[in-house]
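Contents: one structure, followed by commentary.
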Amino acid sequence: MSATPAAKRAVAESCIDYLTLELVNNYRRQLQGPPLQAALDAIGERVGRQLVERYAKERPPLLEQLDVMKFICKEFWAEVFRKSVDNLRTNHRGTFVLRDTQFRWLTRLSQNQMPPQVGQPLPAPIPKAELAADYLVLPCAIVRGALAGLGLEASVTADATSLPQVDFTVVVRQVAAR
Amino acid sequence: METINAEIFTLTYGSMVRQLIADYEDVEEVNKQLDKMGYSIGQRLIDEFLAKSKTQRCADFRDAAEKIAKVGFRMFLNVTAAVTGWNAEGTECSLILEDNPLADFVELPEQLAGLKYSNLLCGVIRGALEMVNMEVECTFVRDVLQGDDANEMRLKLLSSSTETYPFKDE
């Protein structure tokens, strides 16, 4: 593991778009190997854990569930999805709903779909909600990984019925060992 | 170009490679898969490149290689590559990438000695050039992650249907 460079390196935002799009496409067309959900779950969870380890290492530990959620909604979200969560609601019994009214990773999807590739037959159209569901596996897994890295074992699901708004529902199962 | 912290991209790429290794359990297959995924990305990315770089039509393969190295890498990965090692015919060259953002935080264990970790880049170049009618072969020949002293991609023009290229009449 090399040391973190002094100045944070930047790359074009579209790099992550291309990569996540291709990840979904790859596991969609894959006939063997793990299904899309399992593969992207594993990929995202590792990323979430690694990222949160970097972002949270400079700060005192977050002891309360609500503090963890606030950290995820503000700092973590801003780093990964480029803006904070717009609204956080909770039932105070371990369920949280994080609303992002302009979820960055799906804005392209909500505007227009990628053009078909030249020289390849047009794929059958896929309903947008279903398509969005595939693209949300990775972000959900990243958030789940980040929560786990902060000591909360949770399930994370997302609802994209009113794109570009996305609601993420976090249900904390139990406090995991760090 | 809008930019993001590279680490989210770098870590996602790393996690993806790790998943592919678990999926295939064979580094050669992983190399192929990375190339294939890069190829699809390249086919899409060329549009954004042409639109945002406002670049003129490449005169020839030499010109294309320079644009990839100086404009393409800068636009997307915020680094530049050097173009060296031209053959006499001007159909083969090397791209030397001094600084590879994909490889940040990465160390490869010995059992992955055959892994072309950044092979996605070769696929991207191949896919992008194909969309401007240049069919190329692109391979990693040196990789710092494998203990080499540089990152070198060898680029070889197979055929081209651009107006000016002398392969036209053959």
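In the text below, chain A, chain B and the rest are named by the order of the sequence lines, each starting its count at 1.
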Residue set satisfying side chain to side chain donor-acceptor pair (under 3.5 Å) with B:Asn5, at least two apart, ordered chain then number -> A:Glu79
Go through the side-chain N and O atoms of A:Ser14 and B:Glu48 and say whether any donor and acceptor fall under 3.5 Å apart. yes
Supply the atom-to-atom distance B:Lys36 NZ to A:Asn26 CG, rounded to the nearest 0.5 angstrom. 6.5 Å
Is it true that, when you exclude A:Lys83 itself, more than 12 heavy atoms of the residues, nucleotides or ligands shown sit nearer than 6.0 Å to its NZ? yes
Interface moiety of A:Arg49 toward chain B, non-hydrogen atoms closer than 4.5 Å: neither
For B:Gln33, which atoms come within 4.5 Å of any heavy atom of chain A: side chain, backbone, both, or neither? side chain
For a 4.5 angstrom cut-off between non-hydrogen side-chain atoms, does A:Gln50 reach B:Glu7? no
Taking the side chain as every heavy atom from C-beta outward, state whether A:Leu23 and B:Gln19 have any pair of such atoms under 4.5 Å apart. no
Scanning both residues in full, the closest heavy-atom pair of A:Tyr27 with B:Leu20 reads OH-CD2, 3.7 Å
Same cluster for B:Phe105 and A:Val47 if Ile/Leu/Val/Met/Phe/Trp/Tyr side chains link at under 4.5 Å? yes
Would the number of heavy atoms belonging to other residues, nucleotides or ligands and lying under 6.0 Å from NZ of B:Lys67 be above 12? yes
With a 4.5 Å heavy-atom cut-off (strictly below), which parts of residues 72-86 of chain B touch chain A? List them by number. B:Met75, B:Phe76, B:Leu77, B:Asn78, B:Val79
Looking at B:Phe9, I'd like to know if the NZ or CZ of A:Arg9 sits under 6.0 Å from its six-membered ring centre while staying within 45 degrees of the ring's axis. no
If you group Ile, Leu, Val, Met, Phe, Trp and Tyr by side-chain heavy-atom gaps below 4.5 Å, do B:Val27 and B:Ile21 land in one group? yes
Okay, A:Tyr55 and chain B: the region with an atom under 4.5 Å from a heavy atom over there is side chain
Is there a path of hydrophobic side-chain contacts, each under 4.5 Å between heavy atoms, that joins A:Leu147 and A:Leu66? yes
Before giving the answer on side-chain contact (heavy atoms from CB on, under 4.5 Å), spell out for B:Tyr39 and A:Glu22 the whole-Å C-alpha distance, their side-chain angles and the decisive distance to 0.1 Å. CA-CA 10 Å; B:Tyr39 176 76; A:Glu22 179 54 27; over 6 Å; no
Under 4.5 Å between side-chain heavy atoms, hopping through other hydrophobics if needed: is there a path connecting A:Leu19 to B:Val106? yes
Straight-line distance of A:Tyr18 OH to B:Ile41 CD1, nearest 0.5 Å: 9.5 Å
Chain A shares the most heavy-atom pairs under 4.5 Å, among B:Asp23, B:Val124, B:Thr10, with B:Asp23
Check this for me: B:Glu98, atom CD, are more than 12 non-hydrogen atoms of other residues, nucleotides or ligands nearer than 6.0 Å? no
Can you tell me which portion of B:Met37 sits under 4.5 Å from chain A's heavy atoms? Options are side chain, backbone, both or neither. both
What pairs meet the salt bridge (charged side-chain N to carboxylate O under 4.0 Å, His left out) rule with one or both residues in residues 36-47 of chain A, with sequence neighbours excluded? A:Asp41-A:Arg144, A:Glu45-A:Arg144
Identify all side-chain donor-acceptor contacts of residues 112-121 of chain B below 3.5 Å with residues at least two apart in sequence or on another chain.
unit_1: B:Ser118; atom_1: OG; unit_2: B:Asn100; atom_2: ND2; d: 2.9
unit_1: B:Asn119; atom_1: ND2; unit_2: B:Asn31; atom_2: O; d: 2.9

Shortest non-hydrogen pair, B:Ser15 vs A:Ala42, comes out as OG-O, 4.2 Å
Are B:Met131 and B:Val136 linked, directly or through other ILVMFWY residues, by side chains that come within less than 4.5 angstrom of each other? yes
When rounded to the nearest 0.5 Å, the distance separating CD1 of B:Ile4 from CD of A:Glu13 is 6.5 Å
Only pairs of heavy atoms separated by less than 4.5 Å count here; which of B:Met1, B:Glu130, B:Met16 has the most with chain A? B:Met16
Count the heavy atoms belonging to other residues, nucleotides or ligands that lie under 6.0 Å from CZ of A:Arg59, then report whether that count exceeds 12. yes
Determine whether more than 12 heavy atoms belonging to other residues, nucleotides or ligands lie under 6.0 Å from atom CD of A:Glu64. no
Using a cut-off of 6.0 Å, state whether more than 12 heavy atoms not belonging to B:Lys156 lie near its atom NZ. no
Working to the nearest 0.5 angstrom, can you tell me the gap between B:Ile8 CD1 and A:Leu51 CG? 4.5 Å
What part of B:Tyr24 is in contact with chain A, defined as an atom under 4.5 angstrom from a non-hydrogen atom: side chain, backbone, both or neither? side chain
